[in-house]
Chemist: 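Below you will find the structure I want to go over with you.
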Amino acid sequence: MAVELDVFVGNTIIMSEEVYQLWLDGYTVNDAVKVRMEGGVLDEFDAKADVVLSDTMDQYRTFQMCERLLHSPTKLANQLLFQIPPHRQATLIERYYAFDDVFVREVLGKKLSKGTKKDLDDISAKTGVMLKSCRRQFDNFKRVFKVVEELKGPLVENIRQHFLLSDKLARDYAAIVFFANNRFETGKRKLQYLTFQDLAFCAGQLINNWTVGAVDNMVEDMDVDLDKEFLQELKELKVLITDKDLLDQHKSLVCTALRGKTKAFNEMEANFKNLSRGLVNIATKLTNTKDVRDFFIDLVEKFIEPCRSDHWTAADMKLYLTHYTNSAHILDTFKHQVVWDRYMGVIKSCIFKMYHD
Amino acid sequence: MPGKLKAKIVAGRHLPVMDRASDLTDAFVEVKFGNTTFKTDVYPKSLNPQWNSEWFKFEVDDEDLQDEPLQITVLDHDTYSANDAIGKVYIDIDPLLYSEAASVISGWFPIYDTIHGIRGEINVLVKVELFNDLNRFRQSSCGVKFFCTTSIPKGYRAAIVHGFVEELVVNEDPEYQWIDRIRTPRASNEARQRLIFLMSGELQRKIGLKVLEMGGNAVVGYLQCFDLEGESGLVVRAIGTACTLEKLSSGSGTHTHPNTAPASNACNSPSKDGKEPVFGEDLPSSSGPSTPFRALPTSSSSPPPFSPSKPCSRQSSSSDTDLSLTPKTEMTQSPRLRPGIFLCPSSPILSTDTLSLPGSGTLGYGHYSGLRATTPPPLASTHSDSALLRKSVSFTEDLLLAASGMGSGSMGKDAGPLKTLLRQQTQTALEQREFPFFTLTSFPSGFLLHVGGVVSARSVKLLDRIHNPDEPETRDAWWEEIRQEIKSHAKALGCHAVVGYSESTSICEEVCILSASGTAAILNPRYMREGCLDLGGSDQRFEDPSPSSCGFCHIPYDELNMPFPAQLTYCFHCRRQKVPDVLFTTIDLPSDAAIAGKGCFIQARLCRLKKKGQGEANATAISNQLPFMEYELHTQLMNKLKLRSMNALFGLSIQISVGENMLLGLASATGVYLTALPAPGGIQIAGKTPGDLNTEQHILNIQKRINDTIAKNKEFYEVNPPKLFALDPEVFCGTNVDLTEEVVGSPIPEPRLRSRLFRSHSESSDELSELDLSHGKKDAFVLEVDDTDAVEDIQSLLTDASPPKGFYSCNTETMPGIYNWTSALQMFTSVRVLRLSNANLSNQALNKVFTDLCENLLKSFYFKLRSMIPCCLSHLVFSVAVPEEDLIQVAVTAVAMTFDKDQTQDKPAEKPITKGCSEAEDQLQFSLELCTDSSSINSQSSSKNSGVPESSHLSTRAASVDYGSFADRCSTWLELLRLKAHTIRRGSVKTISSLEHSSPLTDGRSRSLRSSRSFGGSSVSVVKMTPLSFLPGTRIVKYVGIINMFFIRETTSLREEGGVSGFLHSFVAEVFAMVRAHVAALGGNAVVSYSMKDCVLMENPNKNQCQCLINVSGDAVIYIRETDQEVTGSTANIRLSCTSSADGAT
């Protein structure tokens, strides 16, 4: 008594978000049925396993047919095959392009190439995200990357328009694209404690402040690459550590401001030169692609780790960096205020975000 | 030369990649109509070509305009090899041929390929310039409107209901021609698709001609079917009800006064008096149509009006006794009549003679068919096939018919077209009267007086091996025979008309079961001018003023000479006339019928094994089984009805499908409790062998379960009759007389019936006091548990699960007892095929399998649609087939509609009537009601007017001054709407092209353009689909054309497409998409009365192949939301309504 064929097609697309999520997560039909049954679909409704199976199959087929359209979401709005209410379209797209933070953390900064794709089963095993889902997420990254790479204009906006994503998701994708494009190193053990959201935030900062589009968004240029001119200018900051007077002056200004305001004052005072050297060195080396890749690891090694070992609190960090940045303005021989601000603005917010356990 | 067809190819989008090297396509388009072909330029290297072609002009006959589809082929240009076809679009231009409908077809159509499915879309503009042709010998019938809707379409008034029209055309099936061996599957499929398009165009044209001859201007309840007879050919046949419709909203003030409405079209019609009956004055409640059909002409040249009725009835009554084990089988006569085969052994004599008519090429028989249609069929060919089949009661009549038919037929053939036409003129009039059938299922108030019950006839035929498409007489004769039988059944029930009539076939190899069924009824003679004479007696007899809420239940037949054993009681409503204890009908529940509780979907399923056989032996075996199947189905229905403590069935349809080794029977209906009828007794279980303790205990258990189920059902369906009866005064003041039908069985002589009826009336008024209200256990239905069969029966009775809480289901247009629909709507099609793994199944096991299949389908619908609760599955149409040995296929199309739960809890007392008037929901909306409706809205006095029917009629008159202005407003409004729709469409095109341009290398400016477009703004307009004739919460303002489409899909990579399920899933989705696209291109935003007529699936998984044919139809309409009506006029509001309605569909 085998069911040879069983289809159910509605004039308006019929989908349950629960099943869609199971499909996206890479469950097979049978596993999805199991999950649904355990989830209590049966309790509220007198449904037998075969009913759930048939429903799941129908939806899986629908999703498979939609998948092609989801690859270019703008088509979804003017295709004729499925009648999908606008809010459903939005859900379909948004969920399809959603990703697991654990997964993306693994591929962040890696080249979105076939090589990486081959490693997906390892990643899958490591993160517990099903391989099928890994592939979808990886392909999404790649697809977005490919489309946006050559486009001019603001990165986030481009992604949002081409893939009809929400602002939040578009920003996350921008971060992923940005990381992939600049190949930032994120996989080192020391960086493991950072979540994707930490890094995405930093990427946002970089995109908004250090790319060409950041200065003048009327300029038609790519958002994905850092502003070369700016990186060049960063070299000028070297004076802050090479000029002995300047360094001392800077230190005394900061220390004066900090004195009595924090328990970690002694450590700050003791470490000032080290820390300042670390930050400025990062800045001056950024013209080097290799060093750009190590940007985050440098931040952690040169700044965050020493502070952490001195048991600075987040508040201490904030206080310190604020005064560190502001005091530079008072240095009369220091002429690179604009570049300094542009640099330190990003560094400050990145470190704030990254300074946790 | 009366037509110029113009087509313009604008653009394409989402085309498939045809050139692997460049990942692009060099597309161009061929536009073909008839034998003329135009081509666009090649648009190189693009998946989104902008052809923007000139207007291609075709100058053609209007005949061709009706028959031919516009055929658009998209191809990929290839310099070195043959051009590759991307896909095709067929556009039926019929909707452009009548003035009120669409003026232009414009929009994106999916490009369809029978192998690959939808491959991109193409934007096309089509227009027609039609010159009037006044030639009365013309072969075209442009301007006749077709509606699938089985009630008078909203916004129209039926000035005249002319009656039954039918036609069929036959051709060879390209799939079975020799050439099919050498051409590709694609070419073969396309030939077939095109042929069927042509044939249905031709069929529609011919039906249109008949309608014009009758003086009508529209066909309502148009039902077109395909019979794929395989080797012997392809039959396209259609039936419908010819009407003269008048538009209400767009017309001028003329229609507001029904008594002055000119019978504009009547000049040609059989009724020459030109003066419409003045309904308005003496019968204010009814704006209903008149029916000029004269059922039985007495002139000598026509068939005698059923002369042999007496002998017949004797026959059938004798057979009655044979089968009278039937406890009150009132439903089908066929079981009883079937033994007639043996009583008329003489019929096979005629089988030797076969007439062969000269053929004139496949398509050439158009000229000739006019003759064919009007000529009674030559007898000979009929009998060559039907020798083994039961000859119906109307045997003698057939002879007569045939005699006259043959003579005239041959003459006409020799005489050429002119004579043919002459014959047509004289004969159609007779022909039309021959069958007083109506394909409608709901009627204007007052149209129907009484209902006699379901009449049905089936006949098993052997398809002829030697096929001659120029001789469709065989098929005509077959149907003729069945129709005669139906007519005689109706007559036997004391009825002169058949309503809710439909026909169907089931084919397996060379065996074909033809079925017809309907509901015998008595129509109000007021509406039947001229016909009254033939129908016998004076009108007054019928003028007993039965209350509308129960009048239709009163028996039309003779109480003292009942056609079947039934228990009559006095009507529980008016207590004046007799009603049967149970009523079965094929029509919808009349809107003002008094009911208790809610309705309920009831299904009887039956599966019977049959030996494999061939030829006549096989056909005999099948026809011998049929009566038993019908009997069993009927018993099941009865039991299930009682189990739900209901007493009437509406929308009954019984389908019997034949396969190689089994017969499937499926009866679906909607049960309801009519308060005019006695309450059903319970079901009692009785054991045959008392004394056995075990058995007795068992029986007690079963009895208890049954009683529990009945009680549970009563609660679930809120069947609580006596109270409603007593407390609900409104049910008495329903406006109009309605009809329901009673289940009636066998024939009784007709003349006596008349007088009987009269008498019973007078008697009943005397006996008013005797009314017996103590109905109940005394007529309990006894089931004897004496063998395993009975146990099975009872088991199956109890296995039917009632729907989960919050769900109701029915197979009629509206769910009895639910009136407050909200607008959410989900139409769906579901197909399931079961393979019987075990070859040696018993009948019972098979039954169980089949029952489970149907039950599981319902369960899975409930599950899938659970998010819509509270909701009702309406118009559940099941169709079963046995595509192969050991395969059972069930296809279901239905719509889920939400309703407001709170309101259902109050008594439906006021609601139904109010709703009926204000929502234009019920089919009884004829002119006056509609006018009232609109006028009341117009004059802002809506609520008051619609409350009580009587007052609404008064207000109609009072408000009639406004009509003109309302009509004006309405039409301007319509204009605006159309304009809007147009601009919206245009707008969307623009958006898209801008999108196109803004691909990768966009500059900054286009960025802003793009960003203005959020993903909420879908550029595809929403098209709602429903199998019902209305959309809740909306108002249909225009019918833009009939949709009748046929698609074939084939694959040679079944596995890759996800198996059969994956294949069919995408095909059904594609069919929906193409229907929606065509509707949108016509300017419509919904399809009503949608149905999937055929879904034929042939698979061969071993070869990785599968083929499927789907035929769908419906009416494309423009609707507006009810709530927007008051704010008509401003464009802003229109836009609002457009968008909001689009959202509503979500």
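A note on names: the letters A, B, ... follow the listed sequences, proteins ahead of strands, and every chain is numbered from 1.
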Chemist: Is there a side-chain contact between N856(B) and V51(A) in this structure, where contact means two heavy atoms from C-beta onward sitting under 4.5 Å apart?
Modeler: no
Chemist: Filter on salt bridge (charged side-chain N to carboxylate O under 4.0 Å, His left out), then keep only pairs touching residues 8-17 of chain A, sequence neighbours left out; what's left?
Modeler: E17(A)-R95(A)
Chemist: Calculate, to the nearest 0.5 Å, the distance between atoms CZ and CG belonging to F863(B) and D50(A) respectively.
Modeler: 10.5 Å
Chemist: How far apart are the closest heavy atoms of N78(A) and R13(B), and which atoms are they?
Modeler: O-NH2, 2.7 Å
Chemist: Side chains of V3(A) and V833(B), heavy atoms from C-beta outward: is any pair under 4.5 Å?
Modeler: no
Chemist: Chain A heavy atoms under 4.5 Å from L857(B): which part of the residue, side chain, backbone, both or neither?
Modeler: neither
Chemist: Looking at side-chain heavy atoms only, is the closest gap between Q83(A) and V1022(B) below 4.5 Å?
Modeler: yes
Chemist: Which one, R832(B), M827(B), E1070(B), H1065(B), leads in non-hydrogen pairs under 4.5 Å with chain A?
Modeler: H1065(B)
Chemist: At a heavy-atom separation under 4.5 Å, does Q889(B) approach chain A through its side chain, its backbone, both, or neither?
Modeler: neither
Chemist: Drop me the distance from D6(A)'s CG to S1061(B)'s OG, to the nearest 0.5 angstrom.
Modeler: 6.0 Å
Chemist: When the aromatic ring centroids of F8(A) and F861(B) are compared, is their separation below 6.0 Å?
Modeler: yes
Chemist: Looking at side-chain heavy atoms only, is the closest gap between Q59(A) and K864(B) below 4.5 Å?
Modeler: no
Chemist: For L825(B), is there any backbone N or O sitting under 3.5 Å from a side-chain donor or acceptor partner on N11(A)?
Modeler: no
Chemist: So does V9(A) get a backbone contact from the side chain of T829(B), meaning a donor-acceptor N/O pair under 3.5 Å?
Modeler: no
Chemist: Any side-chain to backbone donor/acceptor pair from Q826(B) onto G10(A)? Under 3.5 Å, distance only.
Modeler: no
Chemist: At a 4.5 Å cut-off on heavy atoms, which part of F109(B) comes close to chain A: side chain, backbone, both, or neither?
Modeler: backbone
Chemist: Are any side-chain N or O atoms of R1076(B) and backbone N or O atoms of L80(A), one a donor and one an acceptor, separated by less than 3.5 Å?
Modeler: yes
Chemist: Counting heavy-atom pairs under 4.5 Å to chain A, which of S1066(B), P1101(B), G1058(B) comes out on top?
Modeler: S1066(B)
Chemist: Determine the option with the most heavy-atom pairs under 4.5 angstrom with chain A, choosing from S830(B), G1062(B), A1073(B).
Modeler: S830(B)
Chemist: Using non-hydrogen atoms only, which part of I13(A) is less than 4.5 Å away from chain B: side chain, backbone, both, or neither?
Modeler: backbone
Chemist: I'd like a table of donor-acceptor pairs (distance under 3.5 Å, sequence neighbours excluded) in which one partner is a side-chain atom from residues 65-72 of chain A, with atom names and distances.
Modeler:
unit_1 : atom_1 : unit_2  : atom_2 : d
E67(A) : OE2    : Y96(A)  : OH     : 2.8
H71(A) : NE2    : Y96(A)  : OH     : 3.1
H71(A) : NE2    : R143(A) : NH2    : 3.3

Chemist: Go through I118(B), L887(B), L865(B), V831(B) and name the one with the most non-hydrogen pairs under 4.5 angstrom from chain A.
Modeler: V831(B)
Chemist: How far does NZ of K1024(B) sit from OG1 of T12(A), to the nearest 0.5 angstrom?
Modeler: 8.5 Å
Chemist: Does the E121(B) side chain pair with the main chain of Q79(A), one donor and one acceptor, at a distance under 3.5 Å?
Modeler: no
Chemist: Is it the case that the side chain of R61(A) and the backbone of F1063(B) share a donor-acceptor pair, with hydrogens and angles ignored and the cut-off at 3.5 Å?
Modeler: no
